[in-house]
Amino acid sequence: MPHRAGMRPGPAPETGALTVPVRGELDDAGGQELIAVVVAHLGSPEPPPAVRLDFRELEGVDPLGLAALLMIHRHTSAAGAVLRLDNRPRSLERLLRQTNVLDHLTAAEAGRTGPGG
């Protein structure tokens, strides 16, 4: 069984941003776990100013995983946190472009220099 998203989230001491590694398949189960991790941190007494999803070890995304990313964006926006999608593999970049959600999910990323942030 592949590793799921959200296994070892942690705050970056210098910025307070929450970094969540997304590993394996981002599908229904992984997406739900990822949403739960992000929502729990956003609801904490000191919510992070930014949520960074690190896709370095992503193996694939299905439609329910994409829906999870949109839900996470909804939660981060409501909390006033910036969502960053780091180290996006080409396959994820292509999916986000084909579904016309790349700009929606990355609009708050200031000074992006290319795929992967």
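- Annotation: side-chain contact (heavy atoms from CB on, under 4.5 Å) contacts of Val39 (sequence neighbours excluded): Ile35, His75.
- Considering only residues two or more places apart in sequence or on other chains, Ser91 meets the side-chain contact (heavy atoms from CB on, under 4.5 Å) condition with Pro89, Arg94.
- Applying the side-chain contact (heavy atoms from CB on, under 4.5 Å) test to Arg56 and every residue at least two apart in sequence or in another chain returns Asp54, Asn87.
- Here Ala81 pairs with Leu42, Thr76 under the side-chain contact (heavy atoms from CB on, under 4.5 Å) rule; sequence neighbours left out.
- Within the 4.5 Å cutoff, no side-chain heavy atoms of Leu105 are placed close to those of Arg88.
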For residues 60-73, dump all side-chain donor-acceptor pairs below 3.5 Å to protein atoms at least two apart in sequence or in another chain.
residue : atom : partner : partner atom : Å
Asp62   : OD1  : Leu64   : N            : 3.0
Asp62   : OD1  : Gly65   : N            : 2.9
His73   : ND1  : His104  : NE2          : 3.3
His73   : NE2  : His104  : O            : 3.2

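- Note that CG of Leu26 is 10.5 Å distant from CD of Glu33, once rounded to the nearest 0.5 Å.
- To the nearest 0.5 Å, atoms CG (Leu18) and CZ (Arg52) are separated by 11.0 Å.
- Of the residues Asp86, Thr19, Leu34, the one that meets the side-chain contact (heavy atoms from CB on, under 4.5 Å) test with Leu53 is Leu34.
- Residues Leu85 and Leu96 meet the side-chain proximity criterion, which asks for heavy atoms closer than 4.5 Å.
- Nearest heavy-atom pair across Ala17 and Pro49 is N-CD, 4.2 Å.
- Taking CZ of Arg90 as the reference point, atom CG of Leu95 lies at 15.5 Å (rounded to 0.5 Å).
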